[in-house]
Student: 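First, the structure itself, so that you have it in front of you.
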Amino acid sequence: MSQQAPDSGQVPRHDIADASLASQGSKRIEWAERSMPVLRQIRERFEKERPFEGVRVAACMHVTTETANLVRALQAGGAEVALCASNPLSTQDDTAAALVHEYGISVFARNAVDRDGYYAHINAALDVRPDFVFDDGCDLVNTLHTERKELLDGVKGGCEETTTGVIRLHQMAKDKALLFAMVAVNDTDTKHMFDNRYGTGQSTLDAIFRSTNTLLAGKTVVVAGYGYCGKGVSQRAAGLGANVVVTEIDPTKALDATMQGLRILPMEQAARIGDVFITVTGNRDVLRREHFALMKDGAILANSGHFDIEIDVRALDELATTMNSKIRPQTDEYVMADGRRIMLIAEGRLANLGAAEGHPAAVMDMSFADQALTAEWLAGNYSNLEPGVYDVPDEIDKEVARLKLAAMGVEIDILTPTQEDYLNSWEHGS
Ligand SMILES: NC(=O)c1ccc[n+]([C@@H]2O[C@H](COP(=O)([O-])OP(=O)(O)OC[C@H]3O[C@@H](n4cnc5c(N)ncnc54)[C@H](O)[C@@H]3O)[C@@H](O)[C@H]2O)c1
């Protein structure tokens, strides 16, 4: 690792790929900031109020230009931040370089690092001895509770960004294994209704276009999982003229998709007719051996669920007689014994971050405004919180929506006193 001690000059501890990319990275960070007016306002306020004076933060998040702007806001509020990547393929090496060399933030992230490197980076970020943690998928919190228990005493709380991480945290809390308060930022309306839906919807298709340049109009796109992400992906694919088929295991979600006019099929049937398959379930082995055996020549597979376990890549490897690596950017071609070719995007990892740039900044503005305001709330309230998983206070959610609307120049109505009274009473009938 090209690490330097924090006190050895201006450059903080780091392990990044290429310092010479710093100026390109800072231009892209500033470009993203133009679409993040809510987070910018919060940063400007933090600069004055310094809510994180003397606070150390370890963050395990996608090292993208949008995350860079969140980290800048925390730093402006007085925090010392150490950032590592929550996915080996999502790291933007220029962003990492800019954070270290232009903004003085500790970063441990290199694009395409292997599993050992990934965990070495989490450990290096934890070496900051965090008061607070930011996680995206719960790997940092998990490492803290298993391999870095000596640090647990100092940790006062943290925030979790994604659905999969929140599920893991609830399991930890159920087993009484979680030893501090974690706030489920993913569960705010201003995060999952927008980031998961519009962000994943757009950026997943962006990844498919960048990596295969396929035309979606007239194609059959199979979307596995009709949660927030699945709804976004389905809507966008349908809007581009694709025939969308949804697979689900939850009857209510399946009913919802049916009434949206989408076709629901079990994967065994969908596998035969799909041209493009997108998994967004948060579950494992959603596309597996028996499905690969049924797929058409040229089928494209992309996963946008958090972990790389939704598509059974090992089975694909075993079935293939040849694998043509990087036949297109971030696309591997698996040739089956009968000559059929199946394309896998971004090795089955988060396609929108591995083969595109992740969500557009305008939507991350809200997710990261939620993160920043929740961190401020946590810094003031952690001493009243028992270990467990907490919701973000509703006022924060509403404040982020209000600020975003204001930034977009959209006005809404205000309740009249009579309406307020009516909504708060039970006596009025017809
Ligand atoms: N790519 C990104 O940038 C991004 C952004 C947000 C969330 N995520 C991740 O995407 C995943 C989904 O998130 P979400 O917020 O939509 O979750 P969600 O819980 O709203 O939806 C998941 C859906 O998948 C369904 N499902 C579970 N197992 C299934 C199976 N075997 N076959 C078909 N359907 C199945 C569930 O019933 C549910 O409706 C999570 O892993 C989350 O962390 C990724």
Side-chain angles (χ1 to χ4, degrees), residues 60-62 64 66-67 85-87 89-90 135-139 160-170 184-208 222-236 245-258 260 262 264-271 274 277-288 290-291 302-312 345-346 348-361 363-364 366-368 370-371:
C60 179
M61 307 186 86
H62 299 294
T64 60
E66 294 78 22
T67 301
S86 58
N87 183 302
L89 283 189
S90 63
D135 216 348
D136 187 337
C138 196
D139 279 346
E160 169 56 52
E161 169 76 4
T162 199
T163 312
T164 287
V166 172
I167 292 171
R168 293 176 85 192
L169 287 172
H170 280 297
V185 172
N186 177 73
D187 294 354
T188 54
D189 289 344
T190 43
K191 197 276 180 183
H192 65 248
M193 278 172 60
F194 299 89
D195 164 323
N196 298 26
R197 185 157 37 163
Y198 303 107
T200 312
Q202 177 169 319
S203 59
T204 302
L205 298 191
D206 184 14
I208 292 169
V222 178
V223 180
Y226 198 65
Y228 286 101
C229 295
K231 284 190 175 110
V233 172
S234 304
Q235 274 171 0
R236 261 90 207 120
V245 171
V246 168
T247 71
E248 252 297 343
I249 45 99
D250 180 318
T252 318
K253 302 281 180 66
L255 196 56
D256 188 7
T258 306
Q260 274 295 323
L262 303 173
I264 292 273
L265 287 175
M267 186 58 89
E268 207 210 332
Q269 290 176 38
F277 294 81
I278 301 168
T279 55
V280 268
T281 69
N283 204 345
R284 61 175 306 136
D285 304 332
V286 179
L287 284 177
R288 47 185 189 268
E290 62 261 38
H291 304 133
N303 166 51
S304 265
H306 189 78
F307 287 119
D308 59 345
I309 53 173
E310 303 213 10
I311 301 172
D312 186 352
I345 296 178
R349 297 179 192 279
L350 282 170
N352 61 331
L353 282 138
E357 289 176 67
H359 298 354
V363 82
M364 294 315 293
M366 296 156 75
S367 308
F368 288 165
D370 282 320
Q371 288 276 14

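Each residue takes its place number in the sequence, starting with 1. The model shown is predicted, which means the values in this text are computed figures rather than measured ones. Indexing begins at 1, ligand by ligand and atom by atom, following the structure's order.
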Student: Looking only at protein heavy atoms, which one is nearest to atom 5 (C) of ligand 1, and how far off is it?
Tutor: Thr200 OG1, 3.2 Å
Student: Closer than 4.0 Å to some heavy atom of Asp250 - which atoms of ligand 1 meet that?
Tutor: 37 (O)
Student: Taking only heavy atoms of Asn196, which atoms of ligand 1 are found under 4.0 Å from at least one of them?
Tutor: 6 (C), 7 (C), 15 (O)
Student: Considering only non-hydrogen protein atoms, determine which one is nearest to atom 40 (C) of ligand 1 and report residue, atom name and distance to 0.1 Å.
Tutor: Thr164 OG1, 3.3 Å
Student: Give the contacting part of His306 toward ligand 1: side chain, backbone, both or neither, where contact means a heavy-atom distance below 4.0 Å.
Tutor: both
Student: Could you tell me the residue and atom name of the protein heavy atom closest to atom 30 (C) of ligand 1, and the distance to it rounded to 0.1 Å?
Tutor: Ile249 CG2, 3.8 Å
Student: Measuring from non-hydrogen atoms of His359 to any atom of ligand 1, is the shortest distance under 4.0 Å?
Tutor: yes
Student: To which of Thr163, Ile167, Asp285 does the heavy atom nearest atom 17 (O) of ligand 1 belong?
Tutor: Thr163
Student: Tell me if a side-chain donor or acceptor on Ser203 pairs with a main-chain N or O of Asp206 at a distance below 3.5 Å.
Tutor: no
Student: Is there a donor-acceptor contact under 3.5 Å linking the side chains of Asp370 and Thr190?
Tutor: yes
Student: Check this for me - ligand 1, Lys191, N or O atoms closer than 3.5 angstrom, yes or no?
Tutor: no
Student: Give the residue, atom name and distance (to 0.1 Å) of the protein heavy atom nearest atom 39 (O) of ligand 1.
Tutor: Glu248 OE2, 2.5 Å
Student: Are Arg288 and Asp312 ion-paired here, with the side-chain N under 4.0 Å from a carboxylate O?
Tutor: no
Student: Which ligand 1 atoms are under 4.0 Å away from a heavy-atom of Cys229?
Tutor: 6 (C), 7 (C), 8 (N), 10 (O), 13 (O), 14 (P), 16 (O)
Student: Is there a donor in the side chain of His62 and an acceptor in the side chain of Ser90, or the other way round, less than 3.5 Å apart?
Tutor: yes
Student: Begin from the C-alpha positions of Thr204 and Ile278 and carry the test side chain to side chain contact (heavy atoms under 4.5 Å, CB included) through to its verdict.
Tutor: CA-CA 8 Å; Thr204 302; Ile278 301 168; 3.8 Å; yes
Student: Of the backbone atoms (N, CA, C, O) and the side-chain heavy atoms from C-beta on, which set of Val280 has a member under 4.0 Å from an atom of ligand 1: side chain, backbone, both, or neither?
Tutor: backbone
Student: Short list, please: which atoms of ligand 1 are under 4.0 Å from a heavy atom of Gly282?
Tutor: 11 (C), 40 (C), 41 (O)
Student: Hey, is CD on Glu290 packed in by over 12 heavy atoms from elsewhere, all under 6.0 Å?
Tutor: yes
Student: Return the residue, atom name and 0.1 Å-rounded distance of the protein heavy atom closest to atom 44 (C) of ligand 1.
Tutor: Ser304 O, 3.2 Å
Student: Check Gly282 against Glu310 and note the closest heavy-atom contact, atom names and distance.
Tutor: N-OE2, 2.6 Å
Student: Specify the closest pair of heavy atoms between Asn303 and Gly348, including all atoms of both residues, with the distance to one decimal.
Tutor: ND2-O, 3.1 Å
Student: When you measure from the centre of the six-membered ring of Tyr228, is the NZ or CZ of Lys231 closer than 6.0 Å and no more than 45° off the axis?
Tutor: yes
Student: Can you name the atoms of ligand 1, numbered from 1 with element, that are less than 4.0 Å from a heavy atom of Leu350?
Tutor: 1 (N), 2 (C)
Student: Which of the numbered atoms in ligand 1 are below 4.0 angstrom from a heavy atom of Lys253?
Tutor: 38 (C), 39 (O)
Student: Can Thr64 and Glu357 be counted as having a side-chain donor-acceptor contact under 3.5 angstrom?
Tutor: no
Student: State the atoms of ligand 1, each with its element, that fall below the 4.0 Å cut-off from a heavy-atom position in Thr247.
Tutor: 33 (C), 34 (N)
Student: Give the contacting part of Thr281 toward ligand 1: side chain, backbone, both or neither, where contact means a heavy-atom distance below 4.0 Å.
Tutor: both
